[in-house]
Amino acid sequence: MVHTLTRERARRVAIQAQLLTADRPAGIVEAIDTLGVVNIEPTAAIAPSADLILWSRLGWPYQPADLLRLEVEDRAVFEWNGFYRTMADLAIVVPDMKQRPRYAQPREWLAANARFRADVLARLRQEGPLRAAQIPDTAQVSWRSTGWTNNRNSMQMLEILVMCGDVAISSRDSGGRLFDLAERVYPTEIDELTNAEAARERAVRRLGALGIARTKSVVDPADPPDLGDLGEEAVVEGVPGVWRIDPEALAASENFSPRTALLSPFDRLVFDRARLEEIFGFEYILEMYKPAAKRRWGYFALPILHGDRFVGKLDAKADRKAGVLRINALHEDEPFTPAVASAVDAEVNDLARWLGLEIVHER
């Protein structure tokens, strides 16, 4: 079967799959399970990405302390490869862990630092959880790179061991991440899957979270790049090429209940910029890495979703020391109607209340 969708229907499938309708999820674990992964980018111009992503789904009941409790006390979620996942998804990640490191440089570095690796694991066993700065650097060969990891041997060893599944992130706080042996963080009994089984399940989870996607497209790290024959074929009117669509997301989109939402620049709905332009007709670039003079929308502008359309970007910054949310600009992709303006203002006010800040308009 090949489905033919209008762009409006395709947008609604994508939005419904990403829990951005008026029918909000019941809790954090349910939200992460449906989203598949939640980005952990810590940049906090407004709030850390994970918190902003979950708030945009759950609304005011969400509090960062609840996510921390689920990670540290309940062990219901875990961090790996820059994302939160539910612990139920550990089984589909472990086969990937066992394939790490994938590249020659970290493999050769681990081999040259066998004693250092043993020292790190022994220190964690005796004293963990620990921060990277608490682990002595006994490397036989220093890590070389052109970036910030150069000579940061303890951190680099921990990063590699986390990717390999020998070490896990036990928790994080304002001081950063704490690491421990994986056996103290992850459950000891999980389903054993082959590489092929795990990869297919991750692809199933990816299509379910996106609703509609190209067979091959931009993906989050560790997700399979090829959906193969998953889901069903679809074409979108006015958009060349064939898509894969999740039939459950397609059916759910028949009862689409719109709302307004402010999204993190790292939100999965906007992650694939090509899909974003093809289906939503929305141009967006995260400009925090650009010089200030070259920014069009702002350092950390939030995409604004209204119903099944993106209508603009919010350039704002949380000044926690002053206790204010500074609104630098509200970019309208097309002039807001009174109804759109009212809905966007209400969402900005909700964001400020959730952050515990007063709104200040800078311009």
Side-chain angles (χ1 to χ4, degrees), residues 1-25 30-39 53 56-57 83 85-86 88-89 92-93 196-261 263-264 266-284 303 305-311:
M1 174 181 291
V2 179
H3 300 276
T4 299
L5 309 181
T6 63
R7 285 194 185 187
E8 178 185 61
R9 186 68 183 278
R11 292 194 299 267
R12 292 185 174 195
V13 169
I15 293 166
Q16 186 88 36
Q18 278 288 291
L19 302 177
L20 286 165
T21 67
D23 301 317
R24 295 180 184 264
E30 177 187 325
I32 298 177
D33 181 61
T34 302
L35 298 176
V37 293
V38 170
N39 188 288
I53 289 169
S56 67
R57 272 70 181 182
F83 294 89
R85 297 176 184 262
T86 65
D89 272 357
I92 65 174
V93 172
E197 290 170 339
R200 185 171 179 83
E201 183 58 28
R202 291 201 308 275
V204 169
R205 302 276 285 127
R206 176 183 159 219
L207 181 57
L210 295 177
I212 182 170
R214 296 292 192 184
T215 299
K216 294 182 180 180
S217 60
V218 174
V219 297
D220 298 318
D223 272 355
D226 193 339
L227 293 173
D229 62 353
L230 293 178
E232 297 171 353
E233 283 192 1
V235 293
V236 179
E237 293 176 355
V239 180
V242 177
W243 302 75
R244 304 303 300 186
I245 193 164
D246 178 62
E248 292 185 7
L250 178 61
S253 69
E254 293 180 359
N255 299 311
F256 185 79
S257 51
R259 67 178 174 92
T260 303
L263 304 188
S264 164
F266 299 98
D267 197 287
R268 207 168 191 185
L269 188 62
V270 301
F271 183 82
D272 185 339
R273 305 292 196 245
R275 188 183 80 141
L276 190 62
E277 290 205 35
E278 288 178 315
I279 295 179
F280 289 89
F282 185 63
E283 181 187 2
Y284 180 75
L305 179 70
H306 178 73
D308 60 18
R309 298 291 302 272
F310 282 99
V311 296

Determine, for [X] against [Y], whether the closest basic-nitrogen to carboxylate-oxygen distance falls under 4.0 angstrom.
X      : Y     : result
Glu8   : Arg12 : yes
Arg205 : Asp33 : yes
Asp308 : Arg7  : no

- Message: My understanding is that only one of Ile15, Ile53, Leu276 makes a side-chain contact (heavy atoms from CB on, under 4.5 Å) with Leu269; could you say which?
- Response: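 Testing each of Ile15, Ile53, Leu276 against Leu269, the sole residue satisfying side-chain contact (heavy atoms from CB on, under 4.5 Å) is Ile15.
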
- Query: So among Val239, Ile245, Ile279, which one has a side-chain contact (heavy atoms from CB on, under 4.5 Å) with Leu5?
  - Reply: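 Of Val239, Ile245, Ile279, side-chain contact (heavy atoms from CB on, under 4.5 Å) with Leu5 is met by Ile245 alone.
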
- Query: Can you tell me how far the CD1 atom of Ile212 sits from the CD atom of Glu278, to the nearest 0.5 Å?
  - Reply: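 These two atoms lie 10.0 Å from each other.
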
- Message: Can you tell me how the ring of Phe310 sits relative to the ring of Phe280, calling it parallel under 30°, perpendicular over 60° and tilted otherwise?
- Response: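 Because their plane-to-plane angle is over 60°, the rings of Phe310 and Phe280 count as perpendicular.
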
Are the side chain of [X] and the backbone N or O of [Y] linked by a donor-acceptor pair below 3.5 Å?
X      : Y      : result
Arg273 : Val270 : yes
Arg202 : Ile92  : yes
Arg11  : Gly307 : no
Glu232 : Arg244 : no

- Query: When you look at CD of Glu233, are more than 12 heavy atoms from neighbouring residues, nucleotides or ligands closer to it than 6.0 Å?
  - Reply: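 Counting other residues, nucleotides and ligands, CD of Glu233 exceeds 12 neighbours.
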
- Message: Contact between Leu35 and Arg268 at the side-chain level, heavy atoms closer than 4.5 Å - yes or no?
- Response: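 Leu35 does not reach Arg268 side chain to side chain.
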
